[in-house]
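Scroll down for the structure; my scribbles are underneath it.
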Amino acid sequence: MNTVITGLQWGDEGKGKIVDYLTETADVVIRGQGGNNAGHTVIAKGEKYVLHLLPSGILWDDKINVIGNGVVVDPIGLCVEIARIEGQGVEIGPEKLLISDRAHVVLPFHKELDAAREISLGDQKIGTTKRGIGPAYCDKVNRCGLRMADLLDRPFAEAQIVRRTAEVNEILEKYDLPTFTAEAVIEETFTAFERLRPHVTNTIPVLHKAWKAKQNLLFEGAQGTLLDIDFGTYPFVTSSNTTAGGSTTGTGLPPTAIEAVIGVCKAYTTRVGSGPFPTGDEGLSEYLHNLGREFGATTGRARGCGWLDTVLLRFACMVNGVTGLAVTNVDGLDEYEELKICVAYDIDGTHHDLPPADRSSWDRAKPVYESLPGWKQDTTACTEYDQLPENAKAYLTRLSELCEAPIAFVGVGPDRAQTLKR
Ligand code: GDP
Ligand code: IMO
Ligand code: MG
């Protein structure tokens with residue numbers, strides 16, 4: 001079954017863990033959007049792997065992993081990541097990792113442009129990961145970006161870098177940020193590209209061949225629905241379509257190739273970076289941070305934590321066409337006495353069961369809660385759904401009802417083995 005794995009909240013829902021788990025029965029794992037702003041954690045056989053650009057199927061032998069055309073690739077970052085994961089004993093040869101020749105390149109100055117934009121926004125800053133993702137997608141849409149295929153034509157790529165570096169330096173000077181010489185950008189980029197060259201190919205026919213041969217395709221989303229450039233809490237979002245549609249435009253496989261959409265969410269809500277977070281709760285944040293949980297995989301920042309928000313989840317299930325939910329981190333709530341679920345937003349006295357579009361309504365949205373009793377029991381050793389405490393099952397059933405989507409998987413710990421199938 002060709003399946004999209006997509007985040008339903010503000011990222012970090014546990015997509016990497018679910019993708020790794022489902023890779024056992026898949027043949028090809030494909031990323032279609034985002035870049036190394038993503039941080040996907042997989043814990044398998046006691047070893048922890050953090051993946052940024054590499055698809056989370058990379059830990060399994062004999063599976064093909066594809067970085068699709070919709071991803072923005074930082075060649076330098078990807079080389080560092082490959083070396084780190086290979087250092088953990090995972091082989092990453094050109095037959096196992098394919099990089100689309102249509103993927104856009106994140107250049108060193110994109111990261112500084114990211115910083116410049118944040119400085120210019122002042123107290124309205126987005127809180128980006130500073131990986132240059134927004135500026136790289138800007139150049140793509142502005143038709144002045146470089147694609148992997150362009151790096152195969154070195155004289156063309158060099159001329160483009162010379163032109164773009166001059167433009168970028170003018171902006172950086174305004175913010176007293178370090179400027180670049182085109183020579184340094186060219187040198188660093190091509191050194192990394194030479195390492196990646198054997199992996200770069202036209203991935204579209206490869207994917208279509210796999211599809212026609214009825215192989216199992218797994219699409220790995222990065223970020224989450226509320227960070228989607230169209231459906232998220234704009235402007236506090238990332239710069240790509242993180243929702244299921246990004247899996248087709250970002251890979252060259254058509255919508256008709258998709259047979260299932262698994263929406264991943266935590267049993268509560270987290271968010272890093274700025275922007276609205278109606279169910280954010282300091283008490284829950286402190287509780288989870290004290291357990292050593294909820295520190296970002298990419299930047300190490302403490303994530304804000306809050307109660308489960310089914311206004312967001314309902315919307316996310318709609319726009320992604322979710323056919324099954326994977327609810328992770330259920331064990332995070334094991335010791336809580338009473339759990340709150342947000343069922344609507346109160347905006348100026350009117351209840352809304354879908355999120356607003358405009359910024360001021362977001363700022364005025366007050367969560368309307370219902371409460372459920374906690375289960376006060378350790379769930380981390382459960383190996384089957386039916387072993388979950390009754391109150392945990394009741395919580396999941398209510399979540400499912402409110403989102404109008406069935407539960408497919410439940411996470412009770414970070415390890416590959418701690419995923420329960422419904
Ligand atoms: P992703 O970006 O969606 O892949 O998620 P991250 O890896 O950034 O963040 C999810 C965090 O939750 C990581 O630290 C995972 O190891 C952890 N995790 C995932 N599922 C579970 C779960 O069911 N229980 C616990 N305790 N941790 C989980
Ligand atoms: P994964 O795939 C959580 C957030 C940043 C910031 C906003 C824009 O691990 O779920 P960007 O660098 O993309 O321009 O930042 O998006 N953000 C993420 N938050 N998980 C992620 O990825 C994220 N990728 C970006 O914190 O608020
Ligand atoms: Mg993450």
Side-chain angles (χ1 to χ4, degrees), residues 7-13 15 33-40 52 72 106 110-138 171 174-175 177 221-243 246 265-266 268-286 288-289 293-309 311-313 315-316 319 342 345 347 352 354-367:
L8 300 182
Q9 296 161 320
W10 277 289
D12 302 330
E13 298 92 347
K15 299 173 294 292
Q33 45 71 228
N36 58 0
N37 48 348
H40 297 174
H52 299 288
V72 286
V106 179
H110 285 132
K111 287 177 231 166
E112 291 300 332
L113 281 177
D114 199 341
R117 183 94 190 109
E118 288 285 82
I119 293 169
S120 79
L121 286 168
D123 65 359
Q124 291 298 306
K125 74 171 194 241
I126 293 161
T128 73
T129 60
K130 300 216 175 78
R131 296 296 186 273
I133 305 302
Y137 276 119
C138 263
I171 300 171
K174 270 210 242 163
Y175 294 97
L177 286 165
Q223 292 82 50
T225 303
L226 276 301
L227 290 171
D228 182 285
I229 187 77
D230 283 283
F231 304 115
T233 42
Y234 192 88
F236 301 102
V237 294
T238 190
S239 302
S240 64
N241 280 118
T242 65
T243 40
C265 63
K266 282 178 174 147
Y268 45 93
T269 312
T270 64
R271 141 156 245 185
V272 269
S274 334
F277 186 3
T279 66
D281 186 90
E282 275 182 24
L284 187 59
S285 294
E286 202 183 312
L288 291 165
H289 293 151
R293 288 162 175 262
E294 302 309 342
F295 293 93
T298 297
T299 57
R301 289 179 289 180
R303 299 175 184 138
C305 304
W307 298 110
L308 189 75
D309 184 338
V311 177
L312 302 183
L313 290 180
F315 179 62
V319 297
C342 169
Y345 290 163
I347 304 175
H352 298 261
L354 288 172
D358 65 296
R359 288 175 71 166
S360 84
S361 293
W362 268 113
D363 292 340
R364 298 197 310 281
K366 304 245 175 332

- [ ] Indicate yes or no for a side-chain donor-acceptor contact from Arg359 to the backbone of Tyr234 under 3.5 Å, with no hydrogens or angles considered.
- [x] no
Open item on the list: What verdict does the side chain to side chain contact (heavy atoms under 4.5 Å, CB included) test give for Cys305 and His289, after you've listed the backbone C-alpha separation in whole Å, the side-chain angles of each residue and the deciding distance to 0.1 Å?
Closed with: CA-CA 9 Å; Cys305 304; His289 293 151; 4.1 Å; yes
TODO: Using modelled atom types only, decide if a donor and an acceptor are shared between the side chain of Ser239 and the backbone of Ile133 within a distance under 3.5 Å.
DONE: no
- [ ] Verify, without hydrogens or angle tests, whether Thr238 (side chain) and Ser240 (backbone) share a donor-acceptor contact under 3.5 angstrom.
- [x] no
TODO: State whether the side chain of Gln124 and the backbone N or O of Gly122 hold a donor-acceptor pair below 3.5 Å, judged by distance alone.
DONE: no
Open item on the list: With a 6.0 Å cut-off on the ring centroids, do Trp10 and Phe277 count as close?
Closed with: yes
Task: Short side-chain to backbone donor-acceptor contact, Glu118 and Ile126, under 3.5 Å - done: yes
Task: Any donor-acceptor N/O pair, Arg271 side chain to Ser274 backbone, under 3.5 Å - done: yes
Open item on the list: Using a 3.5 Å distance criterion without hydrogens, assess whether the side chain of His352 forms a donor-acceptor pair with backbone atoms of Tyr345.
Closed with: no
- [ ] Check the surroundings of atom CD in Glu286: do more than 12 heavy atoms from other residues, nucleotides or ligands lie under 6.0 Å from it?
- [x] no
- [ ] Please indicate whether Arg364 has more than 12 foreign heavy atoms, meaning atoms of other residues, nucleotides or ligands, lying under 6.0 Å from its CZ.
- [x] yes
Task: Nearest heavy atoms of Asp309 and Thr269, plus distance in Å - done: N-OG1, 3.5 Å
Open item on the list: Assess, by modelled atom type and distance only, whether the side chains of Asp363 and Ser360 contain a donor and an acceptor separated by less than 3.5 Å.
Closed with: no
- [ ] With Phe231 as reference, evaluate Leu227, Asp228, Thr233, Ile229 under the side-chain contact (heavy atoms from CB on, under 4.5 Å) test and give the passing residue.
- [x] Asp228
- [ ] To the nearest 0.5 angstrom, please state how far the OG1 atom of Thr128 sits from the NZ atom of Lys111.
- [x] 12.0 Å
Task: Sidechain-backbone polar pair: Asn241 side chain, Gly246 backbone, donor-acceptor under 3.5 Å - done: no
Open item on the list: Looking only at side-chain N and O atoms, does Glu294 offer a donor or acceptor that is under 3.5 Å from a partner on Tyr268?
Closed with: yes
Open item on the list: Between Thr242 and Gln223, do the side chains contain a donor N or O and an acceptor N or O under 3.5 Å apart?
Closed with: no
Task: Pairwise distance NZ(Lys15) to CD(Gln9) - rounded to 0.5 angstrom - done: 9.5 Å
Task: Distance-minimising heavy-atom pair for Leu8 and Ala316 - done: O-CB, 3.5 Å
Open item on the list: Quiz question: by atom type and distance under 3.5 Å, do the side chains of Asp12 and Thr270 form a donor-acceptor pair?
Closed with: no
Task: Flag, side chain of Thr129 to backbone of Asn37, donor-acceptor distance under 3.5 Å - done: no
